[in-house]
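Beneath this line is the structure, given in structure tokens, with notes to follow.
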Amino acid sequence: MAARKCCALSTLEVMLTVVFVAMTAVSVALISIMATPTTNTCPGPTPPPGSTPPPAPEPSFLIGVGRADCTGPPAEIPLMGYANPQQTAAGIHTRLFSRAFIMDDGRRRVVFVSVDVGMISQRLRLEVLEALQAKYGKRYRQDNVILSGTHTHSGPAGYFQYTLFMLSSKGYLKSSVQPLVKGIVKSIERAHDSVRPGRIYKNRGRVDASSVNRSPHSYRNNPRDEQNRYEENVDKDIVLLKFTDLDGDGIGMLSWFAVHAVSMKTTNRLVSGDNMGYAAYLMEKHKNPAALPGQAAFVAAFSSSNLGDVSPNIRGPHCVNSGLACDYLNSSCPDGGTKECQAFGPGGDMFDSTRIIAHNIFTKARELYASAVEEVTGFVHSAHQWINMTDVTVYINDTHAVSTCKPALGHSFAAGTTDGGGDLNFTQGAVEGDPFWDGIRDALLGEPSNQTQECHRPKPILFSTGEMKWPLPWHPEIIDVQILTVGSVAVAAVPGEITTMAGRRLREAVQQELESGPSGAFLDADVVIAGLSNVYTHYITTYEEYQLQRYEGASTIYGPHTLSAYVLKFAELARAIAQDRVEGLPAGPRPPFFQKNLFNLLPAASTDSKPPNSSFGDVLQQVLPVYRQGDLASVTFVAGNPRHSGDVRDQSFVAVETHDKTSDRWTLVHTDASWETRFHWLKGSGRQSNATVEWRIPPNAAAASYRIKHFGHYKSMKGLRPVITPYQGTSDVFRVLDTFYSK
Ligand code: ZN
């Protein structure tokens, strides 16, 4: 999708363009059954005097965009991603949002939703679909709605129905699920209510210095001639759709880029959108500078893609204890194993790394958005199937058939990655079991069957999750495959973390099927992968990468032929779209929606207590009277447990206010969603807790008077009845001085 030079043309160029457009229109009419007229891709150039103005372009699509807060309780709930039980939420750095985009060609409608969440779980999707059905009937369904997670590792866990994930999330937590479901549905509602005629443009460009391959050893096991077709071992392209109304005013932007949202490390305790969330934040701020975070009219999403082996920690791994290089093959250190081998980002700390990676992605997106002139025209399509992923047969040639397996995780799954290592003595690249752990496994969970062991070879099985059903199945068997297309842009919703090369193979297969369709509507199709979509199934590597059993291969749960099965299934969907016979696709087996045996291991939050002679909201540590721009202002309050604040969407635990002398009014300048603020909740002794609010005063903050507020709720008992009471606290007023004058 090379950007066509478009605007500010000379008269000669205009004439040539008119001829070109006319010829294109003719050829399109000949080869296409598309009804939408080909239009000038250049929005609104003034025709030169004397020339006949081009006919008014027809609106291409109906478009709706919407964003909603989906932040869950920022306390005590494990953060989803690193599976580290100590990493529980304790405050907010940035809020989490769901961003929805509706595209409609007048006949059909598709919805793409990017959510600041570790991954979309099957349970989450089913609950969202149920809520959509209750509100909109058959309008929004499993086949025309894609939900995709940005893969932030700093959002509350607990929205899964399969046992393995429930165990690492302290269960199925209603308090975690509901804000996600409500936030996602709200974003779709807002998009639905904003639907209007508009135009879509596409663009593509390269984001540098923001991603590296974290398993190059696996990547290099791919066929040499395949590797030679690519310059890099990660995909650095960002693909972007720009949405405008008919006046050409921008209303939204949707992009896909492949990088793990793990700039925030396992030591982080604050809810955060990580690098992708912050890129969206920056783009929305760029378009609506005056709006508070999450309140801009413009909606910008940065969706995940084939990020399976892609890390944002671009300085790469080294041994934290010794400073030496890690072992290349298994990413471990002589002392301390995999835990000591960690990769870090470009910044001085994880916040700084998040900022730098987000800025890189945002800066490229802003540039591509501004220069996007290639209009997307045509129809929208969507194709979806549920399939039983445990027994898909694939013919690799005319005679040789292979099959997927019941889900299982290999030993190296427990090693983690250089973005966040496991705690035990597992290493990546294990192709043999460990008698010690295998013994424990057999005693506690049962031995994997011979059939499963054989199917997954060379993976040494640590957890034979497909054979573990108590109290509920440990992993999904029924998964979603789904493609939506807008004009010649196709979005393949992959239910997991697909590696770079695996993603390329999948994209190519989809593209081939689309382009071979009889209508010609998909010539030069652009296929993008939307990662972490619809249901979480861990990783998808190539067959060759799988053989080395690093973390990604060990986590390819349906066995060595997982990718081949996806290629087959996605190609079938693409073929159905290209031949316009999506209606004939069988829906497939409906996934289970478990009502019983969901468990919750998170104890109810206890009542709150406070120091003697104090009240909730009292200041324990006061601000300084004066700060300079660039300083850190900090204040600590007597606090309640944030879990007592219930549904915290569209609220804030924090307010930074400035005083306007003329009107003698306080104006809100930052909330807890702001990058500049950090809300830390600190559990003290007994039932006491504190809230510390930090404000990193921006260098461009107005020299003025400010104050910081904290809002919360505390729980007490009235007899046997728990009572939740709101409170607030306010710091002293302080001055921020202009750095220049205060020197
Ligand atoms: Zn991941």
Side-chain angles (χ1 to χ4, degrees), residues 1-4 20-21 23-39 41 58 60-63 101-112 143-144 146 199-204 235 237 239-243 254-256 303 305-306 372-385 481-494 503-530 533 566-585:
M1 116 180 22
R4 230 182 281 156
F20 172 75
V21 168
M23 285 171 64
T24 312
V26 170
S27 58
V28 168
L30 286 175
I31 58 174
S32 167
I33 56 160
M34 294 196 305
T36 310
T38 305
T39 51
T41 57
E58 297 272 325
S60 294
F61 295 104
L62 297 169
I63 300 165
F101 301 82
I102 293 175
M103 293 153 275
D104 186 320
D105 62 10
R107 302 185 315 163
R108 275 186 290 243
R109 178 169 286 205
V110 294
V111 188
F112 185 90
D143 61 287
N144 71 348
I146 290 178
R199 299 184 178 284
I200 305 175
Y201 303 87
K202 62 182 178 178
N203 210 348
R204 175 193 289 267
D235 282 341
D237 271 13
V239 178
L240 175 146
L241 295 179
K242 166 180 179 168
F243 302 95
L254 171 57
S255 68
W256 294 268
S303 299
S305 193
N306 51 331
V373 289
E374 191 176 353
E375 188 165 1
V376 177
T377 56
F379 291 124
V380 303
H381 293 270
S382 57
H384 171 274
Q385 274 187 319
V481 288
Q482 186 172 19
I483 297 177
L484 70 77
T485 60
V486 188
S488 62
V489 178
V491 182
V494 174
R504 289 168 179 166
R505 288 187 198 171
L506 187 73
R507 284 201 307 252
E508 222 166 70
V510 168
Q511 183 171 9
Q512 241 168 41
E513 291 296 341
L514 289 175
E515 290 183 351
S516 63
S519 74
F522 294 102
L523 293 176
D524 289 325
D526 281 293
V527 183
V528 296
I529 284 170
S533 293
Y566 279 124
V567 167
L568 176 79
K569 293 296 173 184
F570 276 92
E572 283 175 12
L573 296 184
R575 202 174 309 136
I577 289 176
Q579 297 174 356
D580 206 2
R581 48 170 189 79
V582 166
E583 279 70 27
L585 280 175

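- Residues Y201 and A372 approach most closely at CB-CB, 4.0 Å, considering heavy atoms.
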Does I200 form a side chain to side chain contact (heavy atoms under 4.5 Å, CB included) with I63? I'd like the steps, not just the answer. CA-CA 9 Å; I200 305 175; I63 300 165; 3.7 Å; yes
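- With sequence neighbours left out, the side-chain hydrogen bond (donor to acceptor under 3.5 Å, both in side chains) criterion links Q579 to R581.
- Looking only at distances, a side-chain donor or acceptor of D104 sits under 3.5 Å from a matching main-chain atom of G106.
- Checked against side-chain hydrogen bond (donor to acceptor under 3.5 Å, both in side chains), S303 has the following partners two or more places apart in sequence or in another chain: S114.
- The distance from atom CD of Q482 to atom CG of L484, rounded to the nearest 0.5 Å, is 6.5 Å.
- Among all heavy-atom pairs drawn from S488 and L523, the shortest one is CB-O, 4.1 Å.
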Side chain to side chain contact (heavy atoms under 4.5 Å, CB included) between N306 and R507, intermediate numbers included: CA-CA 10 Å; N306 51 331; R507 284 201 307 252; 3.7 Å; yes
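- Contact annotation: the side chain of H381 approaches that of D580 to within less than 4.5 Å [non-hydrogen atoms, C-beta and beyond].
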Going through the checks in order, is the side chain to side chain contact (heavy atoms under 4.5 Å, CB included) test met by V380 and T485? CA-CA 5 Å; V380 303; T485 60; 5.7 Å; no
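- In this structure, L241 CG and F101 CZ are separated by 9.0 Å, a value rounded to the nearest 0.5 Å.
- The distance from the CG atom of D526 to the CH2 atom of W256 is 10.0 Å, given to the nearest 0.5 Å.
- Taking 4.5 Å as the limit, every side-chain heavy atom of S533 sits out of range of all side-chain heavy atoms of V494.
- We find that D143 and R108 are not joined by a salt bridge, their nearest charged nitrogen and carboxylate oxygen being 4.0 Å or further apart.
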I would like to know whether V481 and L573 meet side chain to side chain contact (heavy atoms under 4.5 Å, CB included); could you show each step before the answer? CA-CA 8 Å; V481 288; L573 296 184; 3.8 Å; yes
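- When only modelled atom types and interatomic distance are considered, S60 and E375 share a side-chain donor-acceptor pair under 3.5 Å.
- Stacking of R107 on the aromatic ring of F379 is recorded, both the 6.0 Å distance cut-off and the 45° axial limit being met.
- Contacts of F570 classified as ring pair (Phe, Tyr, Trp, His ring centres under 6.0 Å), with partners at least two apart in sequence or in another chain: none.
- Of all non-hydrogen atoms in I529 and S305, the two that sit nearest each other are O-OG, 2.7 Å.
- Atom NE2 of H384 sits about 9.0 Å away from atom CD1 of I146, to the nearest 0.5 Å.
- Here OG of S519 is found 11.5 Å from CD1 of I577. Values are rounded to the nearest 0.5 Å.
- A heavy-atom distance below 4.5 Å is not found between the side chains of F243 and R199.
- Note that CG of N203 and OG of S255 are 11.5 Å apart. Values are rounded to the nearest 0.5 Å.
- When every heavy atom of F112 is checked against every heavy atom of A530, the shortest pair comes out as CE1-CB, 3.6 Å.
- Under the side-chain hydrogen bond (donor to acceptor under 3.5 Å, both in side chains) criterion, Q511 pairs with E515, not counting sequence neighbours.
- For R505, the salt bridge (Lys or Arg N to Asp or Glu O under 4.0 Å) test picks out E226, E544, with sequence neighbours left out.
- Pairing each heavy atom of I483 with each of A574, the nearest pair is CD1-N, 3.8 Å.
- Under the side-chain contact (heavy atoms from CB on, under 4.5 Å) criterion, Q512 pairs with no residue at all, not counting sequence neighbours.
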